[in-house]
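Report on the structure given below.
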Amino acid sequence: MADPVPLYAPYARAAAMVTRDGIVEKTKNILRVEKVGTGTYKVITAETVDVTDAALQVTADSRANWGTEVYAHSLGPHVVQVLTGKNGTEAAQPFHIAVL
């Protein structure tokens with residue numbers, strides 16, 4: 001797998017475009033994404049980006065199934081958990097994340 005392409009996001013401290021398999025396609029200050037379960041992802045940021053009190057914005061990618069829900073919350077200073085699914089049921093879906 002090729003390295004991810006740099007992501008132009010001048011106002012975000014970190015950002016990424018992630019496939020439903022957890023592969024990072026484009027990135028800015030995101031070190032890696034781990035798919036830890038169906039619709040559950042751990043996003044690891046660079047040491048310079050503390051997500052503890054950051055505004056987290058996640059959206060479903062345009063390739064996601066219609067009606068996809070996406071949620072995010074901090075698990076620690078450099079880890080964000082992203083959950084994707086529909087109607088309360090986990091489902092692997094592509095997403096975008098921005099740490100503001």
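Basis for what follows: all heavy atoms, side chains included, without hydrogens, waters or symmetry-related copies. Model, not experiment: these values are computed from the prediction.
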Val79 vs Val43, side chain to side chain contact (heavy atoms under 4.5 Å, CB included): CA-CA, chis, key distance, verdict: CA-CA 6 Å; Val79 182; Val43 178; over 6 Å; no
So OH of Tyr8 and NZ of Lys26: to nearest 0.5 Å the spacing works out to 13.0 Å
Backbone N or O of Arg13 within a donor-acceptor pair of the Lys28 side chain at under 3.5 Å? no
Are a donor atom and an acceptor atom from the side chains of Asp50 and Thr52 found within less than 3.5 Å of each other? yes
Distance col, row His78:NE2 vs Thr48:OG1, nearest 0.5 angstrom, shows 8.5 Å
Do Thr40 and Gln81 touch side chain to side chain, with heavy atoms closer than 4.5 Å? yes
Among Val49, Val51, Ile44, find the residue that satisfies the side chain to side chain contact (heavy atoms under 4.5 Å, CB included) test when tested with Val80. Val51
Which atom of Ile30 lies closest to which atom of Ala14, heavy atoms considered: CD1-CB, 3.9 Å
Cluster overlap Leu83 with Val18, hydrophobic side-chain contacts below 4.5 Å: no
Check this for me: Lys35, atom NZ, are more than 12 non-hydrogen atoms of other residues, nucleotides or ligands nearer than 6.0 Å? yes
Kindly indicate, with the supporting measurements, whether the criterion side chain to side chain contact (heavy atoms under 4.5 Å, CB included) is fulfilled by Thr68 and Lys86. CA-CA 5 Å; Thr68 293; Lys86 183 174 181 179; 5.8 Å; no
Would you give the length of the straight line joining atom OG1 of Thr19 to atom CD of Gln93, rounded to the nearest 0.5 angstrom? 11.0 Å
State, yes or no, whether a side-chain contact exists between Leu7 and Met17 at a heavy-atom distance under 4.5 Å. yes
Give the minimum heavy-atom separation between Ala54 and Val99, together with the two atoms involved. CB-CG1, 3.7 Å
Kindly indicate, with the supporting measurements, whether the criterion side chain to side chain contact (heavy atoms under 4.5 Å, CB included) is fulfilled by Tyr41 and Thr84. CA-CA 8 Å; Tyr41 306 86; Thr84 63; 3.7 Å; yes
Just so I know, are the side chains of Asp61 and Phe95 near enough to count as touching, which here means a heavy-atom distance under 4.5 Å? no
Decide salt bridge (Lys or Arg N to Asp or Glu O under 4.0 Å) for Arg20 and Glu25; before the verdict, give the C-alpha distance in whole Å, the side-chain angles of both, and the deciding distance to 0.1 Å. CA-CA 11 Å; Arg20 67 184 73 236; Glu25 295 180 315; over 6 Å; no
Answer yes or no: is there a side-chain heavy-atom contact under 4.5 Å between Glu47 and Leu31? no
Crowding at CG, Asp53 (>12 non-hydrogen neighbours, <6.0 Å): no
To the closest 0.5 Å, what do you measure between CD (Gln57) and CD1 (Ile97)? 10.0 Å
For Asn65, what residues pass the side chain to side chain donor-acceptor pair (under 3.5 Å) criterion, not counting sequence neighbours? none
